[in-house]
Structures are given as C-alpha cells and as structure tokens.
Asks: 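One structure coming up, written as structure tokens, with questions to follow.
The first residue of the sequence shown is numbered 1, and numbering continues consecutively from there.
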Amino acid sequence: MLDFPFASGFSASVSTALWITVASIGGSLLLLLYTLELRFRRRLRERRRASVIAHWRSIIADAVTGSAAPAALYLRRDERREFLRLWVYTRSMVEGAAADRLIALARSVGLPELARKQARDSHLGAKLMAIQAQGYLRDPDSVADLAAATDAPNAFVSITAAEALAAIDAARAAERLIPKIASRRDWPRTHVFKFLQRAGSAVIGEPLYRCIRSAPDGDAAYLLQFAEIAEFDVRDALAVELLRTRDDPEVLAAALKVATGHAAVPRIDELLAHPAWYVRMQAAKLLGRMGRAEDAGRLEKLLGDEEWWVRFRAAKALVRLPGLGARNLEQIRMRLIDRYARDILGQVIAETGTR
C-alpha cells in the first residue's frame, strides 16, 4: 500500500521527504508506547512497594507494641530492601523490651545474614544502612567485619561501623577506636561523641586516659575535648597530670576546660597570667567551677585583663563564688580603678540579677 505514493511519479526529493515523515510518525508512536509502558511499570512497582510497606509496617508495629505476631514469617527477595529500611528506622527510635522484640523479629526472617551480605555492597547507601542494622541487631557475628570497616578510607563508612561496633561490644570498640580518633580528623565530632557515649563513661575512661597521656601535644589537645564524657576522677587526673607536665597553650587550655573543679590543679597562678589569653580565660572559668572564696582576689585581678573574654569569664566566676552577695560585689566594683573592669563586673551583676 505504501508503494503507491512513491511509485506515482514523485521526484526523489519528495519521496525521501514522505519516507522521513512516515518514519518520524512511526518513531513518535513507538516512543509514546514505550513511555506508556514505563509509566505502567512504575505504577505497578509503586503499588507493589506500598503493599510491601503496609504489610511489614503492621508486623513491625506489632513487634514494638508486643502484640501477637504471625506464627511463621517469610521475607521474599523483593521485600528485603523495604523491610531493612523500615526495620532500621523503627529500631533507631526504641530501646528496652521493644528493641528486643524487634531484634527477635529480624532474626526470625534472616536479617542478620542479609545485613552482613549487604554491608559488603559497593553501593554506599546500601552499605551504610546494612552497617547500621548490624549495630542495631547487636550481632556478635558482625564484630570482625565491623572492626575491619572502621579502617575504611570513607569517613561515613568507618564512623558508622564505629558506632555499630560500640553498640555490640563497647569495651572492644573503646580499645580499638580511641587510638584512632586523633588520626581520623575526618570523623565528624558529633559522631565520635555518639559512639563514645554509647560505649559509656566507665568503659572509655582508662583507654582514653592512656591514649591522651602518651599522645603528642597536638593530638592530646584534640582528644581532650572527648574526655568530657569520662568520669570525673579520670578528667581530673588527666587535667592535673597535663597541667603539671605540658607547656603547649592548646593542651593547657583543653586540660583546664576538662577539669571538673572538684580537685585542686597545679600552677594555677602561672596559668592565670599565661601569655595566651584563652589559657587565662579557661583558668578563670575553672576557678568559678571550683567555687572557693579564697580565689576572689585572683579573679578580681583578672577583671582588668586586656582581653574582653578573660574579663567576662573572670566576672562570671567571681559572681558564682559562695559568700559574695550583692553588697560585697558592689564593694569590689567600686574599688576597681580600671574602667573596663568596673563595667564588665557591673554588666555580669546585672545579667545574673545577683542580690
């Protein structure tokens, strides 16, 4: 039928144009059919996904609340990704008996094996979710793989593995990870705090103490920020030793900051006059935490410091000292010769509403 128009004496150029037109129309129709097929398949996938999510969300909710679960559960291959995502999301929000029931549910459908397998996936998102699941599952068979993953060059993989390892075996995590913290400055600090808190202050105290004591000044100053999680006696022991043996201003400031104020520290007068203003500031803050009335003279002297932050922290510490009421503080303010010293003490008295 299509031979007729092209065999009726049309020129070659007209015949070519007609063929191109027919081909274009045919291609457009094929593209339309392909687009419709893609949309149809997408809708089928979305409906299937919604059905899977609704099915397992109900089962997971029953596990959280302790309702009776079906006697036998089977997780199909095409349901694994959605189940893993739902389970990890729910598990991240619960602890205690609800967490135990979720773990039991996960084990009944073979999630530990799936998580270990997916943790080796090259896709970053799938790997991270699987590593999270291993921690939430408290899976002892994953410890070796997670410990190895903490050495991964990718910071997200290694820190996620560190958090998971701390959830499974806190003591092992502390021994392995604390010596790495100083060299892994690419680890987000909030995540480092998270896995140290998960391990617990009683667990991290000794390895953190040993690590900071033996670390060079730069690493010691960096590590000291995490010592705030440790128990008070560990913090004070670290502060006393470092203030006695180190001279680096960054280490001195960090050690003063981590000291709790429950124990006396060495070199306090020297530190209050240190050339680095941030050391003087931390020393003033520590005197405020110590709360000794005999330190009023030291703090009064600092009110005339050339650095505003030192004056401000000295005034805050002075106002906190026991036995100094509004009358005593006003007497101190009036006898100050330096105008800036009077101003900063008056500002802090007004801010704190001291009476």
Asks: Which atom names give the shortest non-hydrogen contact between Arg235 and Ala230, and what distance separates them?
Replies: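 Looks like CD-O, 3.4 Å.
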Asks: What I want to find out is whether Arg267 reaches Asp247 closely enough, with some N-O distance under 4.0 Å, to be called a salt bridge.
Replies: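 Here Arg267 pairs with Asp247 in a salt bridge, since their nearest N and O are under 4.0 Å apart.
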Asks: Taking all atoms of both residues into account, what is the closest heavy-atom pair of Leu345 and Val319, and its distance?
Replies: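 So the minimum-distance heavy-atom pair works out to CD1-CG2, 4.3 Å.
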Asks: Grab the two heavy atoms, one from Ala63 and one from Leu105, that are nearest each other, plus how far apart they are.
Replies: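 Where Ala63 meets Leu105 most closely, the heavy atoms are CB-CD2, 4.0 Å.
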Asks: Quick test of your reading of the model: are Arg246 and Glu250 salt-bridged, counting only N-O distances below 4.0 Å?
Replies: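 Answer for the salt bridge query: no.
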Asks: Apply the test side chain to side chain contact (heavy atoms under 4.5 Å, CB included) to residues Leu102 and Tyr136: give CA-CA distance (whole Å), side-chain angles for both, the deciding distance (0.1 Å), then the verdict.
Replies: CA-CA 9 Å; Leu102 278 177; Tyr136 287 140; over 6 Å; no
Asks: Can we say Arg172 and Glu175 salt-bridge, meaning some charged N sits less than 4.0 Å from an Asp/Glu carboxylate O?
Replies: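 Looking at Arg172 and Glu175, the cut-off is not met.
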Asks: Is there a path of hydrophobic side-chain contacts, each under 4.5 Å between heavy atoms of I, L, V, M, F, W or Y residues, that connects Tyr340 with Ile349?
Replies: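 Result: no, two separate clusters.
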Asks: So, are Arg80 and Glu113 salt-bridged, with charged N and O less than 4.0 Å apart?
Replies: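 No, this pair does not count.
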Asks: Do Val240 and Val251 belong together in a cluster built from hydrophobic side chains that touch within less than 4.5 Å?
Replies: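 Not linked; separate clusters.
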Asks: With the 4.5 Å side-chain cut-off for hydrophobic clustering, are Ile159 and Val157 part of the same group?
Replies: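 The answer is no; the residues belong to distinct hydrophobic clusters.
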Asks: Which of parallel (below 30°), tilted (30 to 60°) and perpendicular (above 60°) describes Phe312 and Trp308?
Replies: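 Plane angle under 30°, so parallel.
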Asks: Would you call Arg311-Glu307 a salt bridge at under 4.0 Å N-O?
Replies: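 Answer for the salt bridge query: no.
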